[in-house]
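One structure is given here, and the rest of the page talks about it.
Values below: all heavy atoms of this structure, side chains included; hydrogens, waters and symmetry mates excluded. We name chains A, B, ... by the order of the sequence lines, and we start the count at 1 in each one. Since the structure is predicted, the reported quantities are computational estimates derived from the model, not experimental observations.
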Protein chains: 2
Amino acid sequence: MLTLKKTASEYHHGDLQSALITAGLRQVEKNGLNSLGLRQLAVETGVSPAAVYKHFQDLDHLKACIAKASREILGSMMLKSLKQLPDEPKTKLDALKRLRATGSAYIDFGVQKKNLFEIAFISFDSPDLGPDSPNSYQIFLDCLIDLNKLGALSDSNLLIAPAMAWSAVHGFASLATHGIYGNKAEIEVFKDSVLSGVPRLIQIEL
Amino acid sequence: MLTLKKTASEYHHGDLQSALITAGLRQVEKNGLNSLGLRQLAVETGVSPAAVYKHFQDLDHLKACIAKASREILGSMMLKSLKQLPDEPKTKLDALKRLRATGSAYIDFGVQKKNLFEIAFISFDSPDLGPDSPNSYQIFLDCLIDLNKLGALSDSNLLIAPAMAWSAVHGFASLATHGIYGNKAEIEVFKDSVLSGVPRLIQIEL
DNA sequence: CTTTAATGTGAACAATGTTAACATTAAAGA
DNA sequence: TCTTTAATGTTAACATTGTTCACATTAAAG
């Protein structure tokens with residue numbers, strides 16, 4: 001339709017649903033998950049508190065949508081990290097570099113946007129909201145499929161390997177956001193170690 | 001002092017501070033972090049809402065104390081898992097079994113007490129509350145020191161190795177609590193894989 | 001035994017999530 | 001096009017929450 005919103009009757013918002021999610025993302029990123037409030041978001045988007053309930057069942061549902069949006073930002077950062085590398089990896093080493101890049105992006109997201117990372121996995125269980133796109137697990141898996149095609153991974157590991165890689169990377173990101181590894185310079189050292197360890201963890205053979 | 005609380009004047013509670021933490025732990029474990037409320041805890045411990053503020057600065061502070069208590073339960077479960085093994089490991093393999101036992105206990109805690117695991121790392125940064133005892137990181141470290149003494153680990157890794165092991169185990173526990181690996185039977189398979197992968201990750205040489 | 005500090009109560013406050021009844025607009029069907 | 005209907009918004013109210021203040025009660029210290 002695309003009706004160049006001249007209809008500024010100011011009564012209907014136009015796209016409140018995504019406006020609330022966007023405002024929520026900004027609020028969480030700036031002041032943390034605890035600072036997220038329904039009324040405050042309503043004010044921020046210039047709407048009454050009750051209007052929110054036309055688009056979300058309750059605050060938890062809205063939070064879940066903001067969480068999903070966070071995960072999708074994470075996923076897009078992972079994809080972005082891949083765009084600076086050769087598309088179709090021809091060698092095992094190239095394929096491995098791609099896996100490492102996605103892992104690095106995952107950790108960077110956690111460290112740089114720790115408040116978004118904090119909310120990202122809220123209500124991750126309930127699949128009411130449909131799959132993430134992009135989906136970070138799928139991105140890991142694609143990298144491992146490439147490695148498998150090139151013979152760097154045993155087939156039996158295509159189920160286990162992504163789980164293990166994800167665990168290591170996610171765990172490091174999570175612990176890093178909790179300030180366990182000190183300042184960002186120190187984090188970088190540990191991060192490299194973890195990323196270098198992943199191929200051993202999932203038994204890559206070059 | 002130990003004054004066998006005959007002084008049941010019913011006005012002063014006796015040990016409200018820890019009673020609130022205990023009640024908080026039970027509430028979180030049963031109904032999740034979101035269900036935790038100050039007034040409700042006050043009712044549960046038979047005390048007025050304002051009384052809580054004689055022992056905690058605010059709800060966040062109380063939450064942080066409950067979180068610390070959760071981590072200490074985790075730590076004690078790790079220690080418990082060690083008590084069924086030979087005290088002083090004489091062989092590399094024995095030492096490795098101890099490391100694996102602690103990792104297994106860590107993951108079990110996450111899966112079996114997912115609500116406690118959820119709160120456990122809240123306010124982990126702020127060291128106002130003093131160190132955990134027992135401290136799960138220290139337990140990992142002790143296992144690795146044993147391995148190092150037996151020559152299974154390069155010295156340079158005594159800083160990095162615990163961080164990596166912790167990351168893998170913590171990440172898996174975290175993702176498992178989010179229901180990513182399906183039911184508990186499936187989780188067990190993945191868990192064994194991760195635990196078997198840790199020695200490769202941290203470059204144990206047997 | 002008196003004073004003081006620790007620990008409790010009760011009433012009030014502002015702010016929050018939520019709901020219900022109603023208003024306005026956009027979309028659909030005659 | 002006109003009418004109806006569904007979608008989307010508003011306002012007012014409610015119960016509940018975290019928090020504070022003035023005050024009461026008890027335990028500990030001098």
Open item on the list: Of the options dG9(D), dT18(C), dA20(C), whose atoms approach the side-chain atoms of Y53(A) most closely?
Closed with: dT18(C)
Task: Residues D108(A) and K80(A) bridged, charged N to O under 4.0 Å - done: no
Task: Candidate nucleotides dG10(C), dG8(C), dG18(D), ranked by approach to the side chain of V47(B) - the nearest - done: dG8(C)
Open item on the list: With a 3.5 Å distance limit and no angle check, can you tell me whether R98(B) reaches the backbone of E88(B) through a side-chain donor-acceptor pair?
Closed with: no
TODO: Give the rounded distance in Å between these two atoms: CG of D15(B) and P of dT7(C).
DONE: 10 Å
Open item on the list: Students often mix this up, so state it plainly: with edges at 30° and 60°, are the rings of H170(B) and F117(B) parallel, tilted or perpendicular?
Closed with: tilted
- [ ] Could you please name the option among dG18(D), dG9(D), dT20(D) that lies closest to any side-chain atom of L38(B)?
- [x] dG18(D)
- [ ] Round to a whole Å and report the spacing from CZ of F56(B) to P of dT20(D).
- [x] 16 Å
Task: Length of the CG-P vector between L20(A) and dT8(D), whole Å - done: 13 Å
Open item on the list: Nearest whole Å is fine: how far is dC13(C) C1' from R39(B) CZ?
Closed with: 11 Å
Open item on the list: Assess whether a salt bridge exists between D125(A) and K114(B), defined as any Lys/Arg side-chain N lying under 4.0 Å from an Asp/Glu carboxylate O.
Closed with: yes
Open item on the list: For a 4.5 angstrom cut-off between non-hydrogen side-chain atoms, does I180(A) reach E186(A)?
Closed with: no
TODO: Give the rounded distance in Å between these two atoms: CG of L59(A) and P of dT18(C).
DONE: 6 Å
Open item on the list: Assuming nearest nucleotide by heavy-atom distance, tell me which of K54(B) and G37(B) is located more 5' along DNA chain D.
Closed with: G37(B)
Task: Spacing between L16(B) atom CG and dT9(C) atom C1', to the nearest angstrom - done: 13 Å
Open item on the list: Under 3.5 Å for both donor-acceptor distances, Watson-Crick or wobble: does dA28(D) have a partner, and if so which one?
Closed with: dT3(C)
TODO: Round to the nearest Å and state the distance from Q40(A) atom CD to dG17(C) atom P.
DONE: 9 Å
Task: H55(B) vs dG8(C): side-chain N/O to OP1/OP2 distance below 4.0 Å - done: yes
- [ ] Give a yes/no on whether any side-chain N or O of H13(B) is located under 4.0 angstrom from OP1 or OP2 of dT26(D).
- [x] no
Task: Atom pair distance, as rounded to whole Å: CD in Q17(A) and P in dA7(D) - done: 14 Å
